[in-house]
There are 2 protein chains.
Amino acid sequence: MSETKIQTMEEFAAASGISRPTVSKYFNDPGSVRDSTRQRIEKALLLFDFRPNIFAINQNRRSTKNIGIIVPYLADPFFAEMARMIERQCIDAGYWPILFSSHGQRQSEINALETLRSLKPAGALIAPLGRASDLELIRKFADDVPTVTFDSNQEIGEVFVGSNNSQSIGLIVEYLCRTGEPPCFFETAPVNPNAIRRRKAYVEAMERLGQTPEIIHAGEQSWDFEQTGLNEGKRVIAERKLPSNTVLCSNDRIAIGFLAAAYQMGLRVGRGPGCAMRIAGHDDHPWSRFTCPPLTTVSQDYSAIVETSVEKLFEIMNSGVRKPKREETLFDGKLVLRESA
Amino acid sequence: MSETKIQTMEEFAAASGISRPTVSKYFNDPGSVRDSTRQRIEKALLLFDFRPNIFAINQNRRSTKNIGIIVPYLADPFFAEMARMIERQCIDAGYWPILFSSHGQRQSEINALETLRSLKPAGALIAPLGRASDLELIRKFADDVPTVTFDSNQEIGEVFVGSNNSQSIGLIVEYLCRTGEPPCFFETAPVNPNAIRRRKAYVEAMERLGQTPEIIHAGEQSWDFEQTGLNEGKRVIAERKLPSNTVLCSNDRIAIGFLAAAYQMGLRVGRGPGCAMRIAGHDDHPWSRFTCPPLTTVSQDYSAIVETSVEKLFEIMNSGVRKPKREETLFDGKLVLRESA
DNA sequence: CAGAATTCTTTACGCGCGTAAACTTTTACT
DNA sequence: AGTAAAAGTTTACGCGCGTAAAGAATTCTG
């Protein structure tokens, strides 16, 4: 490994015996040069481990290889995990993923969008905050940059990929009704359309089954779901406001808070004898297998959502044309039976 | 808001009636121009909302305003939260934070370092993976780029900021001994120096108190702490290998797994009568208040660690000289009493 | 083997901005 | 008011690369 200080493509081209434009071509797409020249370049690459200046590249390329990823709340392992999978897939496809978190805050999302814009990305994958989003801003962004939205369906951009909340909620409502008292639905102030769709799906499923839907709406709009679930859960239990001994929570993080509330109020949760109540969630959150008792829930198909999102994005990016009609892809959830319900 | 398409600084300078070099000066440091000119520029900024091309800026600046952040595992809310705080502080100081996660994997950390390097950052804040790290690579990186390491002390770079494990473990060991059976120490294969230091601190604290240290070492090296805590916890409990009814876990995530294990094995956890065992953790992890029962633990001073890390980094960056001696700043933990111990 | 098709080399320009130097204008202060 | 210091303007260059055009070299046809 020679330690010659190759700094520019000019120098590298000279050292490898290939002209600079050809070397440039190689870095843009190694397959675009003849086999023999590619081998010569790669041999030189081993000797000097040169990397083109990323800023100069992006300044001159018509379109960068940057792909922006914006998730609403990175401290939620659900999104962290999705972000990780998206990153990997982008890298594998030769792109340069850049990750932003909105930290649950409107202003952070706006900042992320602006920063991302200045990176002149080739495309973007955005999971909007939801209620707190500046929808017009995101829409304008999506007008200029090929964009796929996921997780939270906000009628933005050409493509949305997410979960079939209607199906998945239907699944668990049916299960809960079949195996015990029909569930009531516990939600915090809905931060995004998923929450609203799930409530709607709950009502429809209950009515389909000839049951009376009961909704407990509690807490303020916040991404601190566990805390809200805990506080409001304790309150509801203390005030004996629970219309059913079975509680379906709008998502797993709320359910985790509710489980803690039940525990702290001395209620045993589970479906066995001696249990005072059942609690179920939605998402199959990474933590849900470690709760006490482990949480019964419906899984979201993370990897399918991610894979499809990225594929669709590449489609838009490569086609160059706008889709005439907005496209939605929804994946079904699967029942995950654990002990809490 | 005129929608004139101002694209370059040249155009913007013309529109604002200021020369381009002065405008450039303004964007580098708004305080470096006269008040009156700054106001004229900012007035124009409102009209045209122009932003300098980030690639052109970084290509020409001697040193960029980029600051790299590498955390070992972003799906851990502990790191997600730290990353968020670091980002904020960098932005407030006029820098451009770029976040990477090593995803618990050696290769991801290496990739992050290489990518970061090509971004020619002004500085970097790195929480190394630990055992899995390519230490030589990080060291070489730190030789070239002003670097502060945090969380995991690997003898890298000029400055480390982290927790005083010796003090914090001492604190909880003393508490546990004072209020019940002396604790045994439960750990998974140590992924980083913190784990090792904590074990050592446990042994020292126990000996100081005249007790016999008992260490349960279980599981493989992995960042999937909860799962390991659960699996190994169940095994240890089933095999009756617990030397004490009080278990101090190496960190909260392991403790969360162990709590689940105890629950699934039918052991009631807590310090009250009727409880079979006590479980304590370390870190005051965001989730630890939602476990059943809520987890007794020692807090790490997140925000102090973050603030100091960033401050020290700015010091190094601005001083321009290497510190003659490696500097370590450690923060004390505080006892967080909840119900699990 | 000739001719066509590819691929490479040479040459040149420009991206948008940082930065330096020389000069001019504005401000601060005696 | 006069003068020095500070801040602005003008001019010019270069960063490292993408990219285009024209010509030379190579490889692919039949």
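What's counted below: heavy atoms across the whole structure, side chains too, no hydrogens, waters or symmetry copies. Remember, it's a predicted structure, so these values are computed and weren't measured experimentally. Letters go in sequence order (proteins before strands), and every chain restarts at 1.
With sequence neighbours left out, the ring pair (Phe, Tyr, Trp, His ring centres under 6.0 Å) criterion links A:Phe12 to A:Phe50. Taking A:Phe150 as the reference, nothing meets the ring pair (Phe, Tyr, Trp, His ring centres under 6.0 Å) condition, with sequence neighbours excluded. Scored by the ring pair (Phe, Tyr, Trp, His ring centres under 6.0 Å) test, B:Trp96 finds no partners at all (sequence neighbours excluded). Residues passing the salt bridge (charged side-chain N to carboxylate O under 4.0 Å, His left out) test with A:Asp35, sequence neighbours excluded: A:Arg38.
Within 4.0 Å of B:Thr37, counting heavy atoms only, lie sugar-phosphate atoms of the nucleic acid but no base atom. Among the atoms of the strands shown, only primed sugar atoms or phosphate atoms (P, OP1, OP2) are found under 4.0 Å from some heavy atom of A:Phe50.
Using bins of under 30°, 30° to 60° and over 60° for the plane-to-plane angle, the ring pair B:Tyr302/B:Phe78 lands in the perpendicular bin.
Scanning DNA chain D 5' to 3' for nucleotides with an atom closer than 4.0 angstrom to a non-hydrogen atom of chain B gives a first and last hit of D:dA7 to D:dG16.
Along DNA chain C, the nucleotide nearest to B:Ser36 and the one nearest to B:Asn58 differ in position, and the one closer to the 5' end is contacted by B:Asn58.
Salt-bridge formation is detected for the pair A:Glu328/A:Arg326: a Lys NZ or Arg NE/NH1/NH2 atom is positioned less than 4.0 Å from an Asp or Glu carboxylate oxygen. Between A:Lys25 and A:Asp29 there is no salt bridge, since no side-chain nitrogen of the basic residue lies less than 4.0 Å from a carboxylate oxygen of the acidic one.
No side-chain heavy atom of A:Val191 sits less than 4.5 Å from a side-chain heavy atom of A:Tyr73.
Less than 4.0 Å separates DNA chain C from at least one heavy atom of each of the following residues of residues 20-30 of chain A: A:Arg20, A:Pro21, A:Thr22.
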